[in-house]
Amino acid sequence: MRDMHTVVTRFPPSPTGNLHIGGARTALFNWLLARSMGGRFVLRLEDTDVDRSSREMTHSILEAMRWLGLDWDEGPFYQSQRFDLYQRFIDHLLDKGRAYYCSCTPQEVEQMREEAREKGEKPKYNGRCRERNLDPGPERVVRFKSPLEGETAFKDVLKGDVAVDNRELDDFVLRRADGTPTYNLAVVVDDVEMGITHILRGDDHLSNTPKQVLLYRALETELPVFGHVPMIMGPDKKRLSKRHGAMSVLEYRRQGFLPEAMTNYLVRLGWSYGDQEIFSQAELREKFSLRNLSKSACVFDPDKLLWVNSQHIKANSPQELAPLLQDFLQANDLPCPDTGYLIQLIPLLQPRAKTMQEMADWAVPFVRADQDLVYDPELLDKFLTAEIAYYLRQLLNILRDAPGFDKDSLEACIGDFLQEQGIRFKKLAQPIRVALTASKASPGLFESMEILGQKSVLARLERALQQAEG
RNA sequence: GUCCCCAUCGUCUAGCACGGCCCAGGACGCCGGCCUCUCACGCCGGUGACGGGGGUUCAAAUCCCCCUGGGGACGCCA
């Protein structure tokens, strides 16, 4: 017997697709509930539909979970390896007269539904085999004997009391003709077996719940706490599509989102904590609670995700970001400096990058070799005019003999030069930037020069001048 | 079609369970400004919502009803 006070939650993805935004948030809520209550979190793969489930999806889902930092205490369990267990429960229900064999074909059942629809009723199986006492046989399914009247009610932490007239329900299938268990049977059996105490899931499952409640009762077990969270929709207020959100969360990793930013953004879709927007994962584990869940559907907003990510990029230390940046440099076929250098560089990039991919983009002039910088002739024409070249030649000489090459010395040194020449920094800033980075935008010049080092700065100025003159 | 759920700025939301502190607060976005060597960051300001109608009450974003709108479910998918 398990300790009744321990919270046990679970995440039961079906390996028929990727882990997307919606699934990830469901997983996160359940994980957070377990973690915040000192409970356990179970991972279970619902692969009873053998044809549609795949190993690749399973791997992809597990990797996404690990990437998000949603570690599980038990599992992963695979329903496909537990068919014996489900069969025992089905037999039990059969013995107790709570289930029966049915020989109706899918076509026949479809016809029954059609007839009901025509009468303006809810499409249902009509119970033809309910009292026929059929024996087991090939092509026969097992159906649950649902009550014909009364109502089935349950409590939901978000929706309150929910009740459905039993006449709305039909004798749903527990075991398919091929002998495999259906979803409704398998979830309930597993949730009972695994001692699940709290079930948080998308509210598209709300109308399944009465059926499951009926099964719990037939099995004479206590109900878990249900919580049906609102669904996440696309900008068009429709179901998430591949364009926005329905892709694998691993795609967000590829685009340069941080896992902490991901969970931060996701948790705020349907949950709040006063006016706070930014949370670390550790903070969430502490502050999450069922009380602050909201019950209306929400829309996935890529812009806000980007902003949350930028906040986490700023909050992370250069030491933590360095190895990640290395991954992105490599993925972009860029040279990959050692972490020591990157730790110097990253603070200049943090305020500018909304994603790690953007950080890699900003890093380009700092990781490319001097001779590999590609100058746009138009930029050179515009900024390295003959007049400017005159000043830069002189600056080059000054810099060659610069007493120090840290940003403060550089600022002082260049300041003196400007004063002697009687010109303002503004006049030379962009030309220097173009020469040093082959770009119109970069981090501050003095910091950039310090990072680049004297040798590169001189080489780049020389090279840019030559190209401009030639 | 039938049943279920939901309803505060364009979006995420606070407030609603214990009506008055709310001519509704924060955040993203957008617009303007400041900072400034560029681009960003940051800071300051602005834009912008209680879906409609009935009640209940001295008083309603908050309670009740209807309408409307949106979403979901109705599988031998999960």
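Small disclaimer: the values here were computed from a predicted structure and weren't measured. Residue numbers begin at 1 in each chain, while the letters A, B, ... track the order of the sequences.
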_One thing to verify: whether A/Lys287 and A/Glu283 come together as a salt bridge, which I'm taking to mean a side-chain N less than 4.0 angstrom from a carboxylate O._
yes
*A/Lys304: what forms a side-chain contact (heavy atoms from CB on, under 4.5 Å) with it, not counting sequence neighbours?*
A/Tyr265, A/Arg268, A/Glu277, A/Asp301, A/Val308
*Using the purine O4'-C1'-N9-C4 or pyrimidine O4'-C1'-N1-C2 torsion, is B/C41 syn (within 90° of 0) or anti?*
syn
*Give A/Val141 one of three labels, base, sugar-phosphate or nothing, depending on what nucleic acid heavy atoms sit under 4.0 Å from its own.*
base
*What pairs with A/Lys155 under salt bridge (charged side-chain N to carboxylate O under 4.0 Å, His left out), at least two apart in sequence or on another chain?*
A/Asp161
So which protein nitrogen or oxygen atoms get under 3.5 Å of nucleotides 26-34 of chain B's nitrogens or oxygens?
| unit_1 | atom_1 | unit_2 | atom_2 | d |
| --- | --- | --- | --- | --- |
| B/G26 | N2 | A/Glu277 | OE2 | 2.9 |
| B/A27 | O4' | A/Glu277 | OE2 | 3.3 |
| B/C28 | OP1 | A/Trp307 | NE1 | 3.4 |
| B/C28 | O2' | A/Lys304 | N | 3.4 |

*Selection: residues 405-422 of chain A, any non-hydrogen atom under 4.0 Å of RNA chain B*: none
*Could you go through the ring pair (Phe, Tyr, Trp, His ring centres under 6.0 Å) check for A/Trp271 and A/Phe288 one step at a time?*
CA-CA 8 Å; A/Trp271 180 83; A/Phe288 184 79; 5.6 Å; yes
*So does A/Arg352 reach the base of B/C39 with its side chain, donor to acceptor, closer than 3.5 Å?*
yes
*Could you check whether the rings of A/Phe446 and A/Phe425 sit parallel, tilted or perpendicular, using 30° and 60° as the cut-offs?*
parallel
_Lys/Arg N to Asp/Glu carboxylate O, A/Glu110 vs A/Arg117, below 4.0 Å_ = yes
*Quick one: label A/Lys314 by what it contacts on the DNA or RNA (base, sugar-phosphate, nothing), any heavy atom closer than 4.0 Å.*
sugar-phosphate
*Look at the side chain of A/Asn208 against the base of B/A78 and say whether a donor-acceptor pair falls under 3.5 Å; ignore hydrogens and angles.*
yes
_Carboxylate-amine/guanidinium contact A/Asp165 A/Lys122, below 4.0 Å_ = no
_Show every side-chain hydrogen bond (donor to acceptor under 3.5 Å, both in side chains) that has at least one partner inside residues 422-436 of chain A, sequence neighbours left out._
A/Glu387-A/Lys427, A/Gln430-A/Arg433, A/Arg433-A/Ser442
*Hey, does A/Asp170 reach any base, or is it just sugar-phosphate, or nothing, if we go heavy atoms under 4.0 Å?*
nothing
*Could you tell me whether A/Arg424 contacts a base, only the sugar-phosphate backbone, or nothing, with contacts defined as non-hydrogen atoms closer than 4.0 Å?*
nothing
_So A/Thr16, base contact, sugar-phosphate only, or nothing? Heavy-atom distance under 4.0 Å._
nothing
*Which part of the nucleic acid does A/Lys440 contact within heavy-atom distance under 4.0 Å: base, sugar-phosphate only, or nothing?*
base
Nucleotide N/O of nucleotides 63-68 of chain B paired with protein N/O under 3.5 Å:
none

